[in-house]
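Working notes, beginning with the structure itself.
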Number of protein chains: 2
Amino acid sequence: MKNQNDGIRYDALKLGNQVCFPLYACSKELVRQYGPYLKELNLTYTQYIVMMVMWEKETVSSRELAECLHLDYGTLTPVLKRLDQAGYIRRERSAEDERLLTLTVTKEGKKLREKAVSIPPCIAECMGLSAEEFRTLYVLTYKALRNMESKDN
Amino acid sequence: MKNQNDGIRYDALKLGNQVCFPLYACSKELVRQYGPYLKELNLTYTQYIVMMVMWEKETVSSRELAECLHLDYGTLTPVLKRLDQAGYIRRERSAEDERLLTLTVTKEGKKLREKAVSIPPCIAECMGLSAEEFRTLYVLTYKALRNMESKDN
DNA sequence: CAAGATTTACTTGTGCACAATTATGTTAGC
DNA sequence: GCTAACATAATTGTGCACAAGTAAATCTTG
């Protein structure tokens, strides 16, 4: 009797019943799959998503970047320094407000975009989901993300 | 003209069109949401998923654990040492095969399970998805995970 | 305008996460 | 039985990721 009740009581704690775990494992595996492709661009996954924003916006404030990537400065500062060092972006203080750090993609940085265009289809292929499934995954992850962020005020 | 074509050409590289990014961000945010709850058990998320396996199996080999958590020894070794140090698990070499590391949950470790049962509903609530959506997310992430793992040999 | 609050960014410390290398025990083939 | 292959685990090195604390510039408010 005790065992039966315990089984039910603890069911939600089984790894196989968790939604969080496959999400976490899938995310890690995904980043790992990027590895070989990004290695050719000398980028890590985090550096890659920074560059994605830079390609799109050309110029962006550090704060804006942190917000749209959901990263804090503790993570971002060293990443940006490495990208600067590599010559892909330029970091400079804003003249009007000395606190603000403005980031600009360099010519070298733009070149990477040309090489990067081939990556998304490869990743999509290796995930092996249908267009419909990709869309569903997109919608659900963003929904959960939004919900969680609204929680921590 | 060039700009128009470029727009289309680079569309897949926009952050907003990526499936990988919300998955990655959602996973991180999820782990962050666990923080306050796990802090009361003196566990990190990684330590928590190790304990979930330990609670379920009582005894497990290090290799088996690595496999089902999709973690390598570089990650696992220090995590297991900390859990051992904290008194939640015991690490011992197998007598028959000195290479094998056998892990056993301690009485202290089992106590944590009682406290942990309250966590899954809190996390589910803060993700704010319906039962149907949870199931879909579960299925899709496992499917992608399986597909990706079949790729790397 | 001066003091305190706020914003922006950096720093420090801890703990993953993984690739690559090393170490050691076990097994297989000759 | 001995050596080469293999399996298991630990180590090393690099780079996130985030909390907490610090610093400096700007803004607010009396």
Side-chain angles (χ1 to χ4, degrees), chain A residues 21 24-39 41-51 60-67 69-86 91-103 148-149 152, chain B residues 21 24-39 42-51 60-67 69-86 91-103 148-149 152-153:
Chain A
F21 174 69
Y24 153 84
C26 188
S27 166
K28 276 192 315 164
E29 182 60 28
L30 200 43
V31 170
R32 219 177 63 77
Q33 293 287 335
Y34 271 102
Y37 301 108
L38 292 179
K39 192 162 191 180
L41 316 197
N42 283 304
L43 292 178
T44 64
Y45 180 72
T46 309
Q47 292 165 8
Y48 174 63
I49 59 176
V50 168
M51 290 309 295
V60 74
S61 78
S62 180
R63 194 195 147 291
E64 210 176 330
L65 190 65
E67 196 162 326
L69 294 180
H70 303 265
L71 291 172
D72 72 355
Y73 292 111
T75 303
L76 213 45
T77 297
V79 169
L80 295 178
K81 282 184 181 170
R82 279 182 208 110
L83 286 175
D84 186 341
Q85 194 115 41
R91 297 156 70 244
E92 23 190 16
R93 295 285 160 187
S94 164
E96 314 97 61
D97 189 336
E98 282 286 333
R99 290 170 303 182
L100 267 61
L101 190 63
T102 302
L103 310 168
M148 286 189 285
E149 276 168 349
D152 44 39
Chain B
F21 175 69
Y24 154 85
C26 187
S27 167
K28 276 192 315 164
E29 182 59 30
L30 200 43
V31 170
R32 219 177 62 78
Q33 293 288 336
Y34 271 102
Y37 302 108
L38 292 179
K39 192 162 190 178
N42 283 306
L43 293 178
T44 63
Y45 180 73
T46 309
Q47 291 165 8
Y48 174 63
I49 59 175
V50 168
M51 290 310 294
V60 75
S61 76
S62 181
R63 195 195 148 292
E64 209 176 330
L65 190 65
E67 195 161 329
L69 294 180
H70 304 265
L71 291 173
D72 72 356
Y73 292 112
T75 303
L76 213 46
T77 297
V79 168
L80 295 176
K81 282 184 181 171
R82 279 182 208 109
L83 286 174
D84 186 341
Q85 194 115 39
R91 297 155 70 243
E92 22 190 18
R93 295 284 160 189
S94 163
E96 315 96 59
D97 189 336
E98 283 285 333
R99 290 170 304 181
L100 268 61
L101 189 63
T102 302
L103 309 168
M148 285 189 285
E149 276 169 348
D152 42 39
N153 94 350

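Residue numbering restarts at 1 for every chain, and letters A, B, ... go by the order of the sequence lines.
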Round to a whole Å and report the spacing from [atom1] of [X] to [atom2] of [N].
| X | N | atom1 | atom2 | result |
| --- | --- | --- | --- | --- |
| B:Lys39 | D:dA20 | NZ | C1' | 9 Å |
| B:Lys28 | C:dA17 | NZ | P | 13 Å |
| A:Leu71 | C:dT8 | CG | C1' | 16 Å |
| A:Leu65 | C:dA9 | CG | P | 10 Å |
| B:Gln85 | C:dT14 | CD | C1' | 15 Å |
| B:Phe21 | D:dA17 | CZ | P | 10 Å |
| B:Leu38 | C:dT14 | CG | C1' | 16 Å |
| B:Glu149 | C:dC18 | CD | C1' | 14 Å |

Pick the closest DNA chain D nucleotide for A:Ala95 and for A:Ile49 by heavy atoms, then say which residue is nearer the 5' end.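 Mapping each residue to its closest nucleotide by heavy atoms, the 5'-most match is A:Ile49.
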Nearest 0.5 angstrom please: [X] [atom1] to [Y] [atom2], how far?
| X | Y | atom1 | atom2 | result |
| --- | --- | --- | --- | --- |
| B:His70 | B:Ile49 | NE2 | CD1 | 9.5 Å |
| A:Asn42 | A:Leu83 | CG | CG | 11.0 Å |
| A:Lys28 | B:Met148 | NZ | CE | 11.0 Å |

Which part of the nucleic acid does B:Val79 contact within heavy-atom distance under 4.0 Å: base, sugar-phosphate only, or nothing?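 The residue B:Val79 makes sugar-phosphate contact but no base contact.
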Across the strands shown, which category fits A:Glu96 at heavy-atom distances under 4.0 angstrom: base, sugar-phosphate, nothing?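 If one applies the 4.0 Å heavy-atom cut-off, A:Glu96 turns out to touch the sugar-phosphate alone, with no base involved.
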Do A:Tyr45 and A:Tyr37 have side-chain heavy atoms sitting under 4.5 Å apart?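 No; the side chains remain at least 4.5 Å from each other.
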Set of side chain to side chain contact (heavy atoms under 4.5 Å, CB included) partners for B:Thr46, sequence neighbours left out: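 With sequence neighbours excluded, B:Thr46 shows a side chain to side chain contact (heavy atoms under 4.5 Å, CB included) to A:Tyr24, B:Thr44, B:Leu71, B:Val79, given in chain and number order.
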Side chain to side chain contact (heavy atoms under 4.5 Å, CB included) partners for A:Glu64, two or more places apart: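 If we apply the side chain to side chain contact (heavy atoms under 4.5 Å, CB included) test to A:Glu64, skipping adjacent residues, the hits are A:Lys57, A:Val60, A:Ser61.
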Under 4.0 angstrom between [X] side-chain N/O and [N] OP1 or OP2:
| X | N | answer |
| --- | --- | --- |
| B:Tyr45 | C:dG15 | no |
| B:Thr75 | C:dC16 | no |
| B:Arg32 | D:dA19 | yes |

Polar pairs (N or O, both sides) under 3.5 Å between protein and nucleotides 6-10 of chain D?
unit_1 : atom_1 : unit_2   : atom_2 : d
D:dA7  : O4'    : B:Arg99  : NH1    : 3.4
D:dA7  : N3     : B:Arg99  : NH1    : 3.4
D:dT8  : OP1    : B:Arg63  : NE     : 3.4
D:dT8  : OP2    : B:Arg63  : NE     : 3.0
D:dT8  : O3'    : B:Arg99  : O      : 3.3
D:dA9  : OP1    : B:Leu101 : N      : 2.4
D:dA9  : OP2    : B:Arg63  : N      : 3.0
D:dA9  : OP2    : B:Tyr73  : OH     : 2.4
D:dA9  : O3'    : B:Arg93  : NH2    : 3.2
D:dA10 : OP1    : B:Arg91  : NH2    : 3.2
D:dA10 : OP1    : B:Arg93  : NH2    : 3.0
D:dA10 : OP2    : B:Thr77  : OG1    : 2.9

Distance-only, no hydrogens or angles: does the A:Arg93 side chain make a donor-acceptor pair with backbone N or O of A:Arg99 under 3.5 Å?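 Yes; judged by distance alone, with no hydrogens or angles, the pair exists.
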